[in-house]
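This report refers to the structure that appears directly beneath it.
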Amino acid sequence: MIYIGASIAELLGCFAFWGWARNGMSPLYLIPGVFFLCLFAYILTFVETEFAGRTYAIYCGIFIGASLLWMWVIEGNIPDKWDLIGTCVSIVGAIIILAGPRT
């Protein structure tokens, strides 16, 4: 759930910047954008791992799937087979990093 919350916050924050820079929206969109990007970084601190790098690597697999879901639901662009294959590969990679045996 932490990773899902972080990805929602990051998507909201990045989309605010995208809207301002690419879609001509008001610079006021940057205010919630900065808030959500800070919230994203803060949420990731709740993940129980010994290394930040491992947390970020696992998160990236989840974020790829969340980004394509955003593209589909919010932006109305249906992911193609390569999007889906890439998402599956990234999620499998995240699972390997998360569940791999550590000594």
Side-chain angles (χ1 to χ4, degrees):
M1 294 306 295
I2 292 171
Y3 289 118
I4 293 170
S7 63
I8 291 169
E10 185 176 10
L11 284 164
L12 288 168
C14 289
F15 195 70
F17 276 80
W18 182 276
W20 164 72
R22 301 282 301 267
N23 295 341
M25 295 175 151
S26 166
L28 294 175
Y29 274 78
L30 298 177
I31 295 169
V34 169
F35 169 79
F36 282 113
L37 289 173
C38 291
L39 181 63
F40 143 71
Y42 180 69
I43 290 170
L44 278 183
T45 66
F46 291 102
V47 174
E48 294 295 328
T49 60
E50 60 209 56
F51 300 106
R54 188 169 292 139
T55 298
Y56 304 150
I58 295 164
Y59 169 72
C60 287
I62 305 301
F63 184 71
I64 290 170
S67 297
L68 290 176
L69 187 62
W70 177 280
M71 180 181 77
W72 185 13
V73 173
I74 303 299
E75 297 179 288
N77 188 358
I78 299 172
D80 63 22
K81 70 177 180 180
W82 299 109
D83 293 328
L84 299 176
I85 291 169
T87 298
C88 290
V89 168
S90 68
I91 290 174
V92 167
I95 290 169
I96 290 169
I97 294 169
L98 178 65
R102 308 273 187 252
T103 56

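Atoms considered below: every heavy atom in the structure, side chains included; atoms not considered: hydrogens, waters and symmetry mates. Worth saying up front: this structure is predicted, and the values here are computed from it rather than measured.
Tracing side-chain contacts under 4.5 Å through hydrophobic residues (I, L, V, M, F, W, Y), one reaches I8 starting from I74; they form part of the same cluster. Linking Ile, Leu, Val, Met, Phe, Trp and Tyr whenever their side-chain heavy atoms come within less than 4.5 Å leaves F36 and I31 in two separate clusters. Clustering ILVMFWY residues whenever any of their side-chain heavy atoms sit less than 4.5 angstrom apart, transitively, puts M25 in a cluster other than the one holding L28. Taken together through direct or relayed side-chain contacts under 4.5 Å among Ile, Leu, Val, Met, Phe, Trp and Tyr, I58 and I95 form parts of separate hydrophobic clusters. With hydrophobic clusters built from ILVMFWY side chains whose heavy atoms lie under 4.5 angstrom apart, W18 does not share a cluster with M71.
With sequence neighbours excluded, the residues forming a side-chain contact (heavy atoms from CB on, under 4.5 Å) with L30 are F17, W20, listed by chain and number. Annotation: side-chain contact (heavy atoms from CB on, under 4.5 Å) contacts of C14 (sequence neighbours excluded): E10, L37. Residues satisfying the side-chain contact (heavy atoms from CB on, under 4.5 Å) criterion with A66, sequence neighbours excluded, are S7, L11.
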Pairs of donor and acceptor atoms involving the side chains of residues 42-54, under 3.5 Å and at least two apart or interchain, shall be tabulated with distances.
from	atom 1	to	atom 2	distance (Å)
T45	OG1	Y42	O	2.5
T49	OG1	F51	O	3.2
T49	OG1	T55	OG1	2.3

Would you tabulate the side-chain donor-acceptor contacts of residues 84-93 under 3.5 Å, counting partners in other chains and residues two or more places apart, or write 'none'?
from	atom 1	to	atom 2	distance (Å)
T87	OG1	D83	O	2.8
S90	OG	G86	O	3.4
S90	OG	T87	O	2.8

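Applying the ring pair (Phe, Tyr, Trp, His ring centres under 6.0 Å) test to residues at least two apart or on different chains, the pairs with a partner in residues 59-103 are F15-W70, F40-Y59, Y59-F63. A side-chain hydrogen bond (donor to acceptor under 3.5 Å, both in side chains) check over residues 22-37, counting only residues at least two apart or in different chains, returns nothing.
Here the straight-line distance linking atom CG of L98 with atom CD1 of I62 works out to 8.5 Å at 0.5 Å rounding.
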